[in-house]
Novice: 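Submitted below is the structure of interest, expressed as structure tokens.
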Amino acid sequence: MPELPEAEAARRLAHRTLVGTRIEAVRTADDRIVFCGVSPRAFAARLRGRRVISTRRRGKYIWFVLDKRPWPSMHFGMGGHFFVYQKPSDRPPYWKMELLTDRGDYFAMTNPRRLGRIRLQDDPEHEPPISLLGFDPLLDLPPVWTFCELLARRRAPIKAVLLDQSFAAGVGNWIADEVLYQARIDPRRLAVDLTPAEARRVRNVLRQVVRKAVAVDADKDRFPREWLFHHRWGRNSRAVTARGERIAHTVIGGRTTAWVPAVQK
DNA sequence: CTCAGTGTTCAGTG
DNA sequence: TCACTGAACACTGA
């Protein structure tokens with residue numbers, strides 16, 4: 001369930017659980033798709049005995065800083081979580097790797113649909129795919145004028161540009177729709193055609209939406225009532241916002257887009 | 001049984 | 001070469 005806020009919530013769980021501990025044991029599922037560029041066996045061997053110094057995130061990617069390289073980096077794809085538990089019998093379904101810390105906690109990553117990836121890299125931040133990411137709205141959102149210049153170079157619909165990870169890292173389908181709804185912009189508009197005032201709204205709303213979602217630890221029940229988020233699912237023609245506006249569903253940039261024609265001109 | 005889906009990648013097109 | 005689009009990927013759940 002990973003866009004930036006879910007990834008950040010997952011990173012924080014990993015941080016609380018792992019930082020300062022030594023990895024006593026590693027168990028890996030035999031999955032050559034999710035383990036990317038490294039065999040599950042080699043992955044386990046490289047992590048065992050290491051101490052976890054810190055955790056980091058950029059966009060939807062998370063990686064661990066260990067006392068010795070290489071370091072693991074993770075992406076959840078279309079679904080997956082981190083889990084912490086105290087008994088091996090509580091190991092969750094679809095687990096791909098499980099760490100046992102010297103504090104006695106088990107820490108696992110799950111990935112039911114297998115579109116996630118686990119890598120082992122000497123310097124994850126400076127190697128693909130993380131090195132290819134654009135700005136992270138939480139870590140290094142550009143100032144207004146730079147943001148405008150970036151948009152002016154793009155001829156695709158604004159919805160497609162927001163989804164492009166080499167533009168904004170961590171923005172996924174619902175965040176892109178939420179931002180355009182709150183900024184009152186038609187998702188089909190070409191990025192290059194936005195006025196400076198509109199581009200500024202997109203930039204500022206993006207920051208506000210991401211900050212709020214992260215502030216509530218990506219807990220959907222605590223997202224503000226007025227967000228489109230709560231009403232966008234289930235593409236039925238009678239869906240409406242909290243204020244009773246009709247929600248339309250259109251495919252843009254290859255993804256289902258929920259938007260409100262009455263508000264987004 | 002069919003199909004959409006909170007994502008990324010890559011082949012194909014202009 | 002660049003920018004962009006659409007299909008493929010793997011699997012669950014409605």
Side-chain angles (χ1 to χ4, degrees), chain A residues 1-11 29-37 57-62 73-82 92-96 109-119 124 127-134 136-137 149-181 187-193 206 209-210 212-214 216-221 223 227-237 239 247 249-259:
Chain A
M1 331 245 306
E3 294 191 24
L4 191 158
E6 292 93 338
E8 177 61 12
R11 185 198 65 79
D30 184 23
D31 188 326
R32 299 274 166 167
I33 293 175
V34 171
F35 283 93
C36 181
R57 177 197 61 78
R58 184 169 188 82
K60 300 163 189 170
Y61 291 88
I62 297 165
S73 72
M74 291 135 281
H75 189 291
F76 287 115
M78 290 273 271
H81 286 288
F82 288 155
Y94 309 111
W95 67 280
K96 297 300 169 186
M109 171 177 170
T110 62
N111 195 232
R113 293 173 198 182
R114 303 177 73 197
L115 289 173
R117 294 294 178 263
I118 299 172
R119 295 178 168 86
E127 296 172 38
I130 300 176
S131 64
L132 302 176
L133 297 175
D136 180 293
E149 283 174 359
L150 290 174
L151 284 187
R153 289 200 236 134
R154 302 298 222 103
R155 241 152 251 288
I158 181 64
K159 163 71 187 266
V161 173
L162 287 175
L163 245 23
D164 182 347
Q165 300 299 293
S166 70
F167 175 76
V171 174
N173 205 31
W174 77 254
I175 292 181
D177 286 354
E178 189 69 45
V179 167
L180 293 175
Y181 168 63
R188 301 167 299 185
R189 297 269 306 281
L190 267 32
V192 68
D193 291 337
L206 171 61
V209 166
V210 168
K212 179 62 185 177
V214 167
V216 300
D217 225 28
D219 181 348
K220 298 148 185 49
D221 295 337
F223 289 177
W227 279 18
L228 177 63
F229 179 89
H230 301 293
H231 312 279
R232 57 162 301 157
W233 312 106
R235 50 243 141 262
N236 68 78
S237 55
I247 298 172
H249 292 92
T250 314
V251 174
I252 303 174
R255 309 297 304 280
T256 297
T257 299
W259 62 296

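Each chain gets a letter, A, B and so on, in the order its sequence line appears, and its residues count up from 1.
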Novice: Using only side-chain N and O atoms of A:T256, determine if any of them is under 4.0 Å from OP1 or OP2 of B:dA4.
Specialist: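 For B:dA4, OP1/OP2 do not have a side-chain N/O of A:T256 under 4.0 Å.
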Novice: Provide, to the nearest angstrom, the distance between the CE atom belonging to A:M78 and the P atom belonging to C:dA8.
Specialist: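 Answer to the nearest Å: 16 Å.
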Novice: Using the rule given for ring pair (Phe, Tyr, Trp, His ring centres under 6.0 Å), can you reason through A:F82 versus A:F76, listing the C-alpha separation, both sets of side-chain angles and the distance that settles it, and then say yes or no?
Specialist: CA-CA 9 Å; A:F82 288 155; A:F76 287 115; 5.0 Å; yes
Novice: Are OP1 or OP2 of B:dT6 and a side-chain N or O of A:K60 less than 4.0 angstrom apart?
Specialist: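 Checking A:K60 against B:dT6: no side-chain N or O falls below 4.0 Å of OP1 or OP2.
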Novice: Within this structure, what is the CZ-to-P distance between A:R113 and B:dT6, rounded to whole angstrom?
Specialist: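 Computing the A:R113:CZ to B:dT6:P distance gives 9 Å.
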Novice: How long is the line joining CZ of A:F167 and C1' of C:dA3, in whole Å?
Specialist: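 Rounding to the nearest Å, CZ of A:F167 and C1' of C:dA3 are 15 Å apart.
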Novice: Is there a side-chain polar atom (N or O) of A:H75 under 4.0 Å from OP1 or OP2 of B:dT8?
Specialist: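 Result: yes.
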Novice: Distance check needed: B:dG7 P versus A:W174 CH2, whole Å only.
Specialist: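 In whole Å, B:dG7 P and A:W174 CH2 are 10 Å from each other.
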Novice: If I take atom CD in residue A:E6 and atom C1' in nucleotide B:dG7, what distance separates them, rounded to the nearest angstrom?
Specialist: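 The answer, rounded to whole Å, is 12 Å.
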Novice: Taking all non-hydrogen atoms of both residues, which atom of A:V34 and which atom of A:D31 are closest, and how far apart?
Specialist: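 Smallest heavy-atom distance, with atoms named: N-OD1, 2.9 Å.
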Novice: Among the candidates C:dC4, C:dT12, B:dT6, find the nucleotide nearest to the side-chain atoms of A:P112.
Specialist: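 So the side chain of A:P112 is nearest to C:dT12.
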Novice: What nucleotide among B:dT6, C:dT5, C:dA10 has an atom nearest to a side-chain atom of A:P157?
Specialist: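 Comparing B:dT6, C:dT5, C:dA10 against the side chain of A:P157, the answer is C:dT5.
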Novice: Determine the contact category for A:G172: base if any of its heavy atoms lies under 4.0 Å from a base atom, sugar-phosphate if only primed atoms, P, OP1 or OP2 are that close, otherwise nothing.
Specialist: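 The residue A:G172 makes sugar-phosphate contact but no base contact.
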Novice: Which atom names give the shortest non-hydrogen contact between A:R117 and A:M109, and what distance separates them?
Specialist: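 Reported closest heavy-atom pair: O-CE, 4.4 Å.
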Novice: Please tell me which of the listed nucleotides, C:dA10, C:dT5, B:dT6, lies nearest to the side chain of A:L115?
Specialist: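 Shortest atom-to-atom distance from the side chain points to C:dA10.
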Novice: Quick check on B:dG7: is either OP1 or OP2 less than 4.0 Å from any side-chain nitrogen or oxygen of A:Q165?
Specialist: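 For A:Q165, the contact criterion (side-chain N or O under 4.0 Å from OP1 or OP2 of B:dG7) is not met.
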Novice: On a heavy-atom basis, which atom in A:V214 and which in A:E8 lie closest, and how many Å separate them?
Specialist: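 Minimum heavy-atom contact is CG1-CG, 3.9 Å.
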Novice: Select base, sugar-phosphate, or nothing to describe what A:L163 touches, counting heavy atoms under 4.0 Å on all strands.
Specialist: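 Here A:L163 touches no strand at all.
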Novice: With rounding to the closest Å, how many angstrom separate the P atoms on B:dT6 and C:dC4?
Specialist: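 The same atom, P, in both gives a distance of 23 Å.
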Novice: How is A:R117 classified with respect to the nucleic acid when contacts are heavy atoms under 4.0 Å: base, sugar-phosphate, or nothing?
Specialist: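 Since no nucleic acid heavy atom lies under 4.0 Å of A:R117, the category is nothing.
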Novice: In whole Å, I'd like the distance from the NE2 atom of A:H249 to the C1' atom of B:dA4.
Specialist: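 A:H249 atom NE2 is separated from B:dA4 atom C1' by 12 Å.
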Novice: Considering only side-chain heavy atoms of A:W233, which listed nucleotide, B:dT9, B:dT6, C:dC4, is closest?
Specialist: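 Nearest to the side-chain atoms of A:W233, counting from C-beta on, is B:dT6.
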Novice: Once you round it to whole Å, what is the distance between P of B:dG7 and CD1 of A:I175?
Specialist: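 Taking CD1 of A:I175 and P of B:dG7, I get 8 Å after rounding.
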Novice: Atom CG of A:L150 and atom C1' of C:dA3: how far apart are they, to the nearest Å?
Specialist: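 From A:L150 CG to C:dA3 C1': 15 Å.
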Novice: Tell me which one of A:M74, A:R119, A:Q165 satisfies side-chain contact (heavy atoms from CB on, under 4.5 Å) with A:Y61.
Specialist: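 Answer to the side-chain contact (heavy atoms from CB on, under 4.5 Å) test with A:Y61 among A:M74, A:R119, A:Q165: A:R119.
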Novice: Could you tell me which nucleotide pairs with C:dA10 by Watson-Crick or G-U wobble geometry, both distances under 3.5 Å, or answer none if nothing does?
Specialist: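 Result: none.
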Novice: Would you check, one step at a time, whether the test side chain to side chain contact (heavy atoms under 4.5 Å, CB included) holds for A:L151 with A:F167?
Specialist: CA-CA 9 Å; A:L151 284 187; A:F167 175 76; 3.6 Å; yes
